[in-house]
Enquirer: 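Below is the structure I would like to discuss, written out as structure tokens.
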There are 2 protein chains.
Amino acid sequence: MTIYDIAKAAGVSPSTVSRVINNKKGINEETRRRVQQLLEENNYIRNDTARGLSMQSTKIIGILLEDIRSSHHTESVYVIEQEMTRRGYTCIILSTGRTSEQKRNCVQILEQRRVDGAIFIGSVFETEEMAVLLRTHLSNIPIVIANGYLDLPNVYGVVVDEEKGVEDCVEYLASLGYQLPAFVKSEDTPSGQHKEDGFIKGVEKLGISPKEAIIYSSLCEEANPGLILERGSQITEQLVKEHPEVDSIVYLVDLLAIGGLMKLEELGIKVPQQIGVLGIDNTLYGRICKPALTTLNNKLVETSKNASRILLDALEKNETSHKFMLFTDIVERDSTRKKEGIL
Amino acid sequence: MTIYDIAKAAGVSPSTVSRVINNKKGINEETRRRVQQLLEENNYIRNDTARGLSMQSTKIIGILLEDIRSSHHTESVYVIEQEMTRRGYTCIILSTGRTSEQKRNCVQILEQRRVDGAIFIGSVFETEEMAVLLRTHLSNIPIVIANGYLDLPNVYGVVVDEEKGVEDCVEYLASLGYQLPAFVKSEDTPSGQHKEDGFIKGVEKLGISPKEAIIYSSLCEEANPGLILERGSQITEQLVKEHPEVDSIVYLVDLLAIGGLMKLEELGIKVPQQIGVLGIDNTLYGRICKPALTTLNNKLVETSKNASRILLDALEKNETSHKFMLFTDIVERDSTRKKEGIL
DNA sequence: TTGTAGGCGTTATCAT
DNA sequence: ATGATAACGCCTACAA
């Protein structure tokens with residue numbers, strides 16, 4: 001069922017049908033009604049592929065992220081998809097995976113599909129390598145990075161001040177009497193680096209020099225949630241064995257922290273009395289575990305909401321700033337609260 | 001950069017370029033090499049929109065589910081997307097929302113995009129209304145329902161025997177000495193109904209008649225995880241108040257159960273000693289909460305894996321059965337274990 | 001107000 | 001082995 005078929009049935013030309021479909025003005029009410037009727041009777045469905053080809057605009061936008069299973073990313077994808085769909089765009093969501101090659105492949109898919117715009121979720125896209133890739137391969141469509149920024153004319157960024165956020169965390173811990181915090185990081189990403197920097201700034205205020213700062217790295221082959229949990233346990237065991245003097249731990253993400261909580265309980269170490277524990281990302285996991293996890297809310301969902309709004313503005317040629325910044329909160333729960341005494 | 005541009009530069013016709021791109025045989029090695037070279041030099045990217053129009057096949061598949069934030073669905077989407085992408089298809093993932101109207105809209109998007117096939121995740125798509133919709137609107141492409149089935153020529157289904165699964169749960173509880181289980185359900189879905197049926201079958205074996213069975217319903221406006229958690233708490237409070245004699249509760253999904261756990265702790269009711277708690281879906285949440293949640297693994301990820309395999313077979317015209325069934329396991333954790341005595 | 005014709009970038013058929 | 005041409009379904013000047 002094409003506009004040709006409808007045109008024939010209605011005794012008009014295809015262009016007239018097209019006009020009716022797209023609510024153009026300057027059409028006889030009578031013919032419009034007749035065509036409308038035929039369209040419904042035959043339940044005509046327009047062909048977005050043909051339309052995209054003709055209009056040089058697919059109304060598709062690409063969403064790239066390393067792994068949709070990361071719980072903080074899932075909700076981001078959700079809000080973006082909802083907003084875009086509401087505005088008549090269709091989303092292609094791709095879990096790229098870790099390697100640059102995988103990311104390049106996904107970018108190529110976006111190119112082939114001729115997406116009108118894209119959102120990249122995660123600071124992992126804030127790299128020089130990605131900048132080069134974008135300059136050569138996606139320089140003609142608007143792109144928004146959620147939690148990252150690249151200085152290119154067609155790229156927009158919403159960043160979160162995570163460095164300050166983690167610095168605040170350390171300060172918060174200190175205010176509760178925790179004097180010797182450790183930091184557990186994971187894969188090297190710009191976001192992770194900012195957090196580590198914040199941690200170092202924080203402990204410096206406690207009189208701990210950067211080189212004395214206790215920082216462990218828990219690498220994880222895959223963004224599989226169950227795996228991250230286990231890695232959190234493992235690294236925590238190692239940490240408390242090698243540094244029994246540590247009185248608090250800040251983990252790069254909630255799940256690592258929760259893995260830590262489990263190990264600490266297993267070892268008979270009381271949280272928050274003996275060790276305070278703090279996660280990052282404010283995922284639901286942190287509400288569920290016991291003790292409930294104090295966590296840094298780095299506003300990832302809000303970041304994504306903004307990203308979609310910015311992309312829509314750019315697509316519709318509205319003026320927009322290229323860079324936005326959001327700030328974090330600490331969500332206080334039971335895994336830190338030394339002052340309160342008994343849990 | 002189109003095949004015309006390349007053709008001109010290479011001094012050949014567009015068809016020749018097309019042939020090179022698609023690795024057709026019967027081309028002079030010399031020209032192939034020359035064209036290949038030009039393609040790379042100009043980093044030509046093929047236009048899948050044009051290709052789709054010409055080939056009458058978009059290589060796009062649609063994935064519909066009510067809400068991607070449901071954690072058991074997230075992983076399903078992930079595995080499907082990975083498999084499809086690997087096979088050269090691109091996925092459009094749509095969180096439809098609850099209402100039929102929303103679902104119809106999403107189906108329309110799939111139609112407009114001329115997807116080659118679709119996967120519907122969730123038993124909510126196993127309804128008469130959906131069958132009618134599919135017969136009229138998507139009768140010409142293969143569709144697979146994950147955790148559901150409709151008897152239409154182009155529809156395939158992978159179902160899980162959840163009725164038997166929940167029946168097993170009750171039997172399992174009984175084997176631990178729990179004699180009076182309650183069931184907490186939620187929105188009415190086919191899957192929910194099967195589970196309820198299983199529960200009733202189960203308690204009948206304990207000498208409880210269907211009308212005596214204690215069943216509560218916890219409605220939730222939205223599939224928002226945080227909200228589900230709260231609803232679990234609320235309904236549990238009501239349940240234990242009205243039925244203090246209940247010694248175990250089976251919840252429709254893990255998060256409801258965990259909300260229940262929280263409330264029970266608040267009320268000073270010991271799990272598993274006073275009340276045994278059992279979830280469904282085997283999500284990561286159940287590993288994290290305390291006590292860790294015993295849960296029915298209903299194989300949703302495996303179901304989705306199968307769904308994508310079946311869809312690929314159907315797309316490539318391989319013979320496939322229309323209906324598959326998987327069976328559940330019980331994942332035993334600390335929220336039931338009366339026998340062991342002390343936790 | 002409506003129709004004609006060309007173009008969007010491919011693929012496929014039929015010649016050559 | 002290669003080229004010309006039509007077709008895919010739609011949109012949009014431009015013409016009438």
Side-chain angles (χ1 to χ4, degrees), chain A residues 1-36 38-39 42-60 88 90 108-116 140-141, chain B residues 1-36 38-39 42-60 88 90 108-116 140-141:
Chain A
M1 189 57 47
T2 74
I3 55 173
Y4 280 83
D5 303 319
I6 301 291
K8 199 167 299 173
V12 298
S13 80
S15 22
T16 299
V17 177
S18 172
R19 288 183 185 110
V20 171
I21 290 172
N22 297 294
N23 284 310
K24 302 281 181 187
K25 52 186 187 275
I27 291 195
N28 187 309
E29 247 334 289
E30 153 64 12
T31 48
R32 151 163 281 140
R33 216 179 301 286
R34 190 152 40 92
V35 171
Q36 201 69 265
L38 268 314
L39 286 170
N42 297 278
N43 50 62
Y44 167 85
I45 303 281
R46 76 160 190 247
N47 185 325
D48 278 346
T49 303
R51 182 177 236 244
L53 181 58
S54 171
M55 310 220 341
Q56 298 287 73
S57 158
T58 55
K59 288 282 196 174
I60 294 177
T90 301
Q108 185 175 347
I109 292 175
L110 300 189
E111 287 186 272
Q112 295 181 175
R113 292 291 175 184
R114 296 296 192 272
V115 296
D116 285 350
N140 47 357
I141 60 167
Chain B
M1 190 55 48
T2 74
I3 56 171
Y4 279 83
D5 304 320
I6 301 292
K8 199 168 298 173
V12 298
S13 79
S15 5
T16 300
V17 177
S18 173
R19 289 185 184 109
V20 171
I21 290 171
N22 297 294
N23 284 311
K24 304 279 183 188
K25 51 186 185 277
I27 290 195
N28 187 310
E29 244 338 285
E30 155 63 11
T31 48
R32 150 163 280 140
R33 215 180 300 285
R34 191 152 39 94
V35 171
Q36 201 70 264
L38 267 314
L39 286 169
N42 297 279
N43 49 61
Y44 166 86
I45 304 281
R46 76 162 189 243
N47 185 326
D48 277 346
T49 303
R51 181 177 236 243
L53 181 57
S54 174
M55 306 206 7
Q56 299 287 70
S57 158
T58 55
K59 286 285 195 173
I60 294 177
T90 300
Q108 185 175 347
I109 292 175
L110 300 189
E111 287 186 272
Q112 295 183 175
R113 293 290 175 186
R114 297 295 192 273
V115 297
D116 285 351
N140 47 358
I141 59 166

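Here is the naming used below: chain letters follow the sequence lines, and residue numbers restart at 1 for every chain. For clarity, every value in this text was computed on a predicted model and none was experimentally measured. We use all heavy atoms of the structure for the numbers below, so side chains are in, but hydrogens, waters and symmetry mates are not.
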Enquirer: If I take atom CD in residue A:Glu29 and atom P in nucleotide C:dT1, what distance separates them, rounded to the nearest angstrom?
Expert: 10 Å
Enquirer: Expressed in angstrom and rounded to an integer, what is the separation of B:Ile21 atom CD1 from C:dA12 atom C1'?
Expert: 14 Å
Enquirer: Check whether any side-chain heavy atom of A:Lys59 lies under 4.5 Å from a side-chain heavy atom of B:Arg113, and answer yes or no.
Expert: yes
Enquirer: What is the distance from CZ of A:Arg19 to C1' of C:dT2, rounded to the nearest Å?
Expert: 6 Å
Enquirer: Among A:Ile60, A:Leu110, A:Ile109, find the one that has a side-chain contact (heavy atoms from CB on, under 4.5 Å) with B:Thr90.
Expert: A:Ile109
Enquirer: Hey, where on DNA chain D does chain B first and last touch, going 5' to 3'? Cut-off is any atom under 4.0 Å from a heavy atom.
Expert: D:dA1 to D:dG9
Enquirer: May I ask you to say what B:Lys24 touches in the nucleic acid, namely base, sugar-phosphate or nothing, with a heavy-atom cut-off under 4.0 Å?
Expert: sugar-phosphate
Enquirer: Please report the distance, rounded to the nearest Å, between CD1 in B:Ile3 and P in C:dG7.
Expert: 16 Å
Enquirer: Is the closest side-chain heavy-atom distance between B:Thr2 and B:Asn47 below 4.5 Å?
Expert: no
Enquirer: Is any side-chain nitrogen or oxygen of B:Ser18 closer than 4.0 Å to OP1 or OP2 of C:dT11?
Expert: yes
Enquirer: What are the two closest non-hydrogen atoms of B:Met1 and B:Asn42, and how far apart are they?
Expert: SD-CB, 3.8 Å
Enquirer: Which part of the nucleic acid does B:Ile27 contact within heavy-atom distance under 4.0 Å: base, sugar-phosphate only, or nothing?
Expert: sugar-phosphate
Enquirer: Check every strand shown and say whether B:Ser15 touches a base, only sugar-phosphate, or nothing at a heavy-atom separation below 4.0 Å.
Expert: base
Enquirer: Under 3.5 Å, is there a donor-acceptor pair between the side chain of B:Arg114 and the main chain of B:Thr58?
Expert: no
Enquirer: Can you tell which of A:Val20, A:Asn22, A:Thr16, A:Ile21 makes a side-chain contact (heavy atoms from CB on, under 4.5 Å) with A:Ser18?
Expert: A:Asn22
Enquirer: Indicate, with a heavy-atom threshold strictly under 4.0 Å, whether A:Thr49 touches base, sugar-phosphate, or nothing.
Expert: nothing
Enquirer: If you compare every side-chain N and O of B:Arg51 against the phosphate oxygens of C:dG9 (OP1, OP2), does one of them come in below 4.0 Å?
Expert: no
Enquirer: Side chain of B:Ser54, base of C:dG9: donor and acceptor closer than 3.5 Å?
Expert: no
Enquirer: To the nearest angstrom, how far is A:Lys25 atom NZ from C:dT1 atom C1'?
Expert: 14 Å
Enquirer: With side chains defined as the heavy atoms from C-beta onward, is the minimum distance between B:Ile3 and B:Tyr44 less than 4.5 Å?
Expert: yes
Enquirer: Nearest whole Å is fine: how far is C:dC8 C1' from A:Leu53 CG?
Expert: 4 Å
Enquirer: Please evaluate the base of C:dG9 for a donor-acceptor partner in the side chain of A:Arg114 within a cut-off of under 3.5 Å?
Expert: no
Enquirer: Need to verify one output field. Residue with the more 5' nearest nucleotide on DNA chain C, A:Met55 or B:Asn22?
Expert: A:Met55
Enquirer: Starting from C1' on C:dT11, measure out to CG on B:Asn23 and report it in whole angstrom.
Expert: 15 Å
Enquirer: How long is the line joining CG of B:Leu39 and P of C:dT10, in whole Å?
Expert: 10 Å
